[in-house]
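First comes the structure, then the notes that go with it.
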Amino acid sequence: MDIRCSWGISAGIGAQAFYALWSTELFPTQYRGGVQGIMFFLVRGSAGIWSIIFPVILANLGFTVAGTIMIALLAISLLIGVIWAPNTRGRTLDEITKERYGNLEPNLVKKKRQAF
């Protein structure tokens, strides 16, 4: 097995593959930056909390328990991503936006008119 394939498999079950994908594909351009900021904040915050908890688990319960918890968290991430990730393959951002949010153009045109 090629090392790139191994990396792809391991990265595919990580949370970043899902939250990075969801924030760029599922939100209209006008909200995308805010959504990405919120998602990155939540992920980095939870990683910070885990980095405080992990040494305590490792010292008190051992490597096997700490590793099992980490694998369980990755498996949960995989399940969430596989179950709730929408199929957007081969569709444009406009098509995805219309399907998920309806026609946003009247609101955007209205906002542009108010700006002038």
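In this text the structure is predicted, and so the values were computed from the model without any measurement.
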Validation: residues 58-76 side-chain donor-acceptor distances under 3.5 Å, sequence neighbours left out:
unit_1: Asn60; atom_1: ND2; unit_2: Val56; atom_2: O; d: 3.2
unit_1: Thr68; atom_1: OG1; unit_2: Thr64; atom_2: O; d: 2.6

By side chain to side chain contact (heavy atoms under 4.5 Å, CB included), Thr92 pairs with (sequence neighbours left out) Asp94, Glu95

Besides Leu42, the hydrophobic cluster formed by Ile, Leu, Val, Met, Phe, Trp and Tyr side chains linked at under 4.5 Å, directly or via other members, contains Ile38, Phe41

